Peer 1: 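Attaching a single structure in structure tokens format; questions to follow.
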Amino acid sequence: MENNSNFIRTIIKEDLESGKRKEVITRFPPEPNGYLHIGHAKSIVINFGLADDFNGKTNLRFDDTNPLKEDQEYVDAIKEDVKWLGYEWEELHFASNYFEEMYNRAVLLIKKGKAYVDDLSQEEIRQYRGTLTEPGKESPYRSRSVEENLDLFERMRKGEFENGAKVLRAKIDMSSPNVNLRDPVIYRVSHATHHNTGDTWCIYPMYAFAHPLEDAIEGVTHSLCTTEFEDQRPLYNWVVSECEMESTPQQIEFGRLNITNTVMSKRKLKQLVEENYVDGWDDPRMPTISGLRRKGYTPEAIREFVKETGVSKGSGVVDEAMLEHFVREDLKMKAPRTMGVLRPLKVVITNYPEDQTEMLNAEINPENPEMGMRQIPFSREIYVEQDDFMEDPPKKYFRLFPGNEVRLKHAYFIKCNDVIKDENGNVVELHCTYDPETKSGSGFTGRKVKGTLHWVDAKSAIPAEFRLYEPLILDEDADQNAEADTDEALENEAEGKTFLDYVNPNSLEIVHGFIEPNMKDVKAQDKFQFFRHGYFNADPKYTTAEKPVFNRIVSLKSSFKLK
Ligand code: ATP
Ligand code: MG
């Protein structure tokens, strides 16, 4: 984004040039009711990126005004993820630390005749609100006196009323064409323990009232949010102005990020976790920052991806292949090359001396020669991939079959002579011969073979587990359908289908194979490119000193082309 212009950057630039603003302060305001996902990464990159471009500041603020859904676990995870993405916040705030000030501002509204305590139930309030085409109806409690409202609001705070018995509403306009302005609820009673304020409060401000106050209290200049808040902007401005806030932040909306075959709302991600569809918030199939990290994504790849998706008012669906493109690009230079056999088939090289092992030399990363060389042992018994042998191959099959010769990467040509089977007729071993003349790097030009196979030395190879992933959600526009009025969403609703009906039962495959012995010190989060298989990450939860467990981050090939 740094060198790209976008409409928000243009607004900020004009604000600075015209003197409307002297500095730029943005904030990233997650509610700690779940883990961050890649959509949040977009908000983070935009908020931190824009402030940074104008020598401004960005705060991390926990928008924690709903005690029932929030938790310290989420606070900790969010901080870790923002830091991991490479950003440093200027100030750390909790909206809950402003509860006293928010209360005082609500009292100010009451004194000005701009807020009243309402006894209507939630359902009645909804009915009185009207619709897009019909004006709303005024509550019978709307004309309570200032004194009565002050008294009732104070008693709400003291805990004299049950949940839902009373609310505080802004007194704006029940016939406004903007439904958000029809006397929105700004405080509710909720007898619940808050993760930060404990039992100090039993009334809590609503988002639409709290958020503009939080921004104003912190001196935020540009309050960036997603387009579903566009209709709330007039209310945002009303709150800032009627509460007589000194600082006047400006709300600007941008289109949210959606990705194919992905659900992004925290509510749904939480459901996947709680109903055990996945192995926690950081399951590598999750679009969470922690899931992508555990899968093997790098902060650089995520940042570059998000920047490429741009900043606009529209919210399209981005192909997940684009996200994969950026991690491939990032790991190309960084990840050591190695060989791993995922589904092993033993090969005995019958003309290779029984107790001999030779060390072969190979570059750690041919794209980045500075990474140096590695040594690969080779001896009489090796493993190749089961898929790389066919007893009765179709035309144009260039891998191993009886009588055919192939190249072993970094080693020799081998030729398949015998196929050994068990009593059930399954192939259990191949007997091959090698040609010492054909050693890799020897300049041999005698004859050519078409297939090059990866392999590992059977005697010294390290056992490893490989976890291969497919999309968790088998619905291309799952996220958009979440937002409701697409034809498909309406159809689904009619059929009683939810996103859970699209969960892929085969999203994880676990196989057991072997890796090169020079990888014996693999640590959690180490990343490699396994020849022909793609990029893998050592899983931080399951990798042990005895046995590494690798998550496939992404395969090597893609038809995706960046425009
Ligand atoms: P969710 O619906 O997933 O819970 P949210 O918007 O309720 O998301 P918050 O914790 O309130 O989550 O979001 C913090 C910030 O991240 C908000 O400014 C929000 O607009 C932004 N954000 C959330 N999802 C996306 C997305 N998919 N694309 C861009 N920004 C997003
Ligand atoms: Mg939310």
Side-chain angles (χ1 to χ4, degrees), residues 1 6 8 26-51 58-66 68-71 73-75 77-79 81-82 85 87 89 93-96 206-208 210-212 214-215 218 220 222-233 236 249-273 281 286-292 302-303 305-318 320 323 477-484 499:
M1 219 177 309
N6 65 54
I8 303 180
T26 61
R27 86 287 174 261
F28 173 60
E31 182 179 1
N33 61 349
Y35 282 57
L36 296 185
H37 52 63
I38 183 132
H40 292 115
K42 177 154 191 157
S43 175
I44 292 171
V45 168
I46 291 176
N47 276 294
F48 281 85
L50 281 171
T58 304
N59 298 337
L60 173 60
R61 178 208 310 146
F62 289 100
D63 207 336
D64 55 349
T65 54
N66 185 354
L68 292 178
K69 293 191 185 157
E70 296 155 4
D71 201 277
E73 175 196 350
Y74 302 133
V75 170
I78 289 169
K79 284 197 217 165
D81 288 348
V82 174
L85 279 172
Y87 296 97
W89 52 86
H93 293 295
F94 290 86
S96 52
M206 303 299 287
Y207 178 89
H211 204 87
E214 295 158 22
D215 286 340
E218 289 170 22
V220 166
H222 300 86
S223 175
L224 314 179
C225 65
T226 37
T227 45
E228 65 271 24
F229 294 102
E230 199 162 1
D231 291 346
Q232 293 213 19
R233 196 183 334 131
Y236 182 102
Q250 178 186 359
Q251 173 179 307
I252 307 171
E253 310 86 17
F254 62 89
R256 65 192 291 129
L257 174 68
N258 298 307
I259 300 179
T260 53
N261 296 99
T262 306
V263 290
M264 212 112 71
S265 115
K266 275 181 283 186
R267 181 179 61 75
K268 290 185 182 154
L269 297 177
K270 192 170 185 177
Q271 207 174 342
L272 290 169
V273 173
W281 284 95
M286 293 280 271
T288 49
I289 301 303
S290 52
L292 290 165
I302 294 174
R303 291 199 305 258
F305 162 74
V306 162
K307 287 176 191 172
E308 186 63 32
T309 64
V311 181
S312 71
K313 282 271 183 197
S315 66
V317 183
V318 176
E320 60 172 349
L323 179 59
D477 26 282
D479 227 8
Q480 285 223 313
N481 288 337
E483 281 166 41
F499 79 101

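All values reported here derive from a predicted model rather than from experimental measurement. Counting convention: from 1, in listed order, for ligands and their atoms alike.
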Peer 1: Select the closest option to atom 11 (O) of ligand 1 among K69, E31, R61, R256, judged by heavy-atom distance.
Peer 2: E31
Peer 1: Between E253 and R233, is there a salt bridge with N-O shorter than 4.0 Å?
Peer 2: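 Counted as a salt bridge, because a side-chain N and a carboxylate O are separated by less than 4.0 Å.
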Peer 1: Number the atoms of ligand 1 from 1 as they appear, then name those within less than 4.0 Å of a heavy atom of M264, with their elements.
Peer 2: 3 (O)
Peer 1: Quick check on contacts: which atoms of ligand 1 are under 4.0 angstrom from a heavy atom of S43?
Peer 2: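 Heavy-atom distances to S43 below 4.0 Å select 15 (C), 16 (O), 18 (O), 21 (C), 30 (N).
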Peer 1: Would you sort out whether R256 and T227 count as a side-chain hydrogen bond (donor to acceptor under 3.5 Å, both in side chains), showing the intermediate values?
Peer 2: CA-CA 7 Å; R256 65 192 291 129; T227 45; over 6 Å; no
Peer 1: With respect to R267, determine whether any N or O atom, backbone or side chain, lies less than 3.5 Å from an N or O atom of ligand 1.
Peer 2: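 Checking ligand 1 against R267, no N or O pair falls under 3.5 Å apart.
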Peer 1: Can you confirm whether K69 is buried at NZ, in the sense that more than 12 heavy atoms of other residues, nucleotides or ligands lie under 6.0 Å from that atom?
Peer 2: no
Peer 1: Which atoms from ligand 1 have a heavy atom of P30 less than 4.0 Å away?
Peer 2: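 Numbered from 1, ligand 1 contributes 10 (O), 14 (C).
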Peer 1: Under 3.5 Å between some N or O of ligand 1 and some N or O of N33?
Peer 2: no
Peer 1: Just to be sure I read this right, does ligand 1 sit under 4.0 Å from the backbone of H37, its side chain, both, or neither, counting only heavy atoms?
Peer 2: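 Side chain only.
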Peer 1: Do the charged groups of R61 and E214 touch, with an N to O distance under 4.0 Å?
Peer 2: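 Between E214 and R61 there is a salt bridge, with a charged N closer than 4.0 Å to a carboxylate O.
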Peer 1: Going by distance only, is there an N or O of G39 that falls short of 3.5 Å from an N or O of ligand 1?
Peer 2: yes
Peer 1: For a side chain to side chain contact (heavy atoms under 4.5 Å, CB included) check, start with the C-alpha distance between S290 and D81, then their side-chain angles and the critical distance, and finish with the verdict.
Peer 2: CA-CA 7 Å; S290 52; D81 288 348; 4.3 Å; yes
Peer 1: For L257, is at least one N or O under 3.5 Å away from an N or O on ligand 1?
Peer 2: yes
Peer 1: Can you find an N/O atom of T226 closer than 3.5 Å to an N/O atom of ligand 1?
Peer 2: yes
Peer 1: Decide yes or no for P287 and L269: does some side-chain heavy atom of the first lie under 4.5 Å from some side-chain heavy atom of the second?
Peer 2: yes
Peer 1: Please examine the side chains of I78 and F62, heavy atoms only from C-beta on, and report whether any two atoms are closer than 4.5 Å.
Peer 2: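 F62 reaches I78 side chain to side chain.
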